[in-house]
Amino acid sequence: VAAGDLLISGVYESEKKKGNQFAHARGEYIAQVTEPFTLTVSRSQSSKIYTGETVYRSLHFFGLKLPLTFGKPPETECDLSVQSNYFHLNGKELPVGITETTAKAYRMQTKTLSDSELTALCKAETEKKLKEEFAHVQILSRQIDYSLKENSATAEGTLLCLEDIGEEVRLKIKKK
């Protein structure tokens with residue numbers, strides 16, 4: 001089977017009417033396919049170390065924003081989350097409410113992994129990527145080789161999968 005081959009069709013000849021008849025057709029065509037796999041993981045890994053959290057509150061009153069906390073959230077090296085709660089009266093939202101902005105300050109930490117740590121991380125990331133990217137197929141077998149370089153680790157190989165290779169395409173009819 002090659003890409004573009006017609007496998008399932010909704011075109012049929014009717015015994016009662018002249019000419020071809022058209023109906024919607026849908027099906028699955030499961031095939032055994034080989035998929036390439038590659039993943040590279042850096043030896044230098046960065047992570048956030050959270051150092052503190054501050055909550056800033058403000059009152060919204062008919063379009064005016066009135067701060068209830070001194071200062072304002074920093075613009076760098078923090079994760080911001082905003083939650084607004086407006087008051088309701090008889091099921092209708094009023095233009096009066098409180099907004100809370102939570103600023104979680106952090107500093108970046110960089111760690112250089114040893115060979116064993118890098119290999120373990122590469123294997124873990126490989127499993128994670130396989131679960132995410134190949135969730136829609138059944139993996140029958142896999143051949144993945146891991147290699148270490150000075151600044152990275154690489155997982156390369158092939159997967160033998162059962163996959164639905166069918167593609168639903170709208171039928172286009174030219175009228176004469």
| query | Do Y146 and T126 touch side chain to side chain, with heavy atoms closer than 4.5 Å? | reply | yes
| query | Do you know which of D79, T54, V55 makes side-chain contact (heavy atoms from CB on, under 4.5 Å) with T102? | reply | V55
| field | S114 backbone acceptor or donor facing E117 side chain under 3.5 Å | value | yes
| query | When rounded to the nearest 0.5 angstrom, what distance separates CG in D145 from CZ in F37? | reply | 12.0 Å
| said: When you measure from the side chain of R43 to the backbone of E150, do you find a donor-acceptor pair of N or O atoms at a distance under 3.5 Å? | reply: yes
| Just wondering, do F134 and L159 contact through their side chains at under 4.5 Å, heavy atoms? | yes
| task | Might you work through the side chain to side chain donor-acceptor pair (under 3.5 Å) test for T99 and H60, ending with a clear yes or no? | result | CA-CA 7 Å; T99 296; H60 292 269; 2.8 Å; yes
| said: Is it true that, when you exclude E13 itself, more than 12 heavy atoms of the residues, nucleotides or ligands shown sit nearer than 6.0 Å to its CD? | reply: no
| query | Is the shortest heavy-atom distance from the side chain of L121 to the side chain of Q45 under 4.5 Å? | reply | yes
| Atom NZ of K149 and atom OG of S42: how far apart are they, to the nearest 0.5 Å? | 12.0 Å
| Nearest-0.5 Å distance that lies between atom NZ in K111 and atom OG in S47 | 9.0 Å
| Which of these passes side-chain contact (heavy atoms from CB on, under 4.5 Å) with R142: L160, L130, T158? | L130
| request: Enter the distance from E127:CD to I144:CD1 here, rounded to the nearest 0.5 Å. | output: 7.0 Å
| message | To the nearest 0.5 Å, what is the distance between CD1 on I98 and OG on S84? | response | 10.0 Å
| message | Restricting to side-chain contact (heavy atoms from CB on, under 4.5 Å), what partner residues turn up for K131, sequence neighbours left out? | response | none
| Between the side chain of T69 and the main-chain N/O of R57, is any donor-acceptor distance below 3.5 Å? | yes
| field | Inter-residue atom distance K48.NZ - E77.CD, 0.5 Å rounding | value | 10.5 Å
| message | Looking at K72, I want to see if its NZ is surrounded by more than 12 non-hydrogen atoms of other residues, nucleotides or ligands under 6.0 Å. | response | no
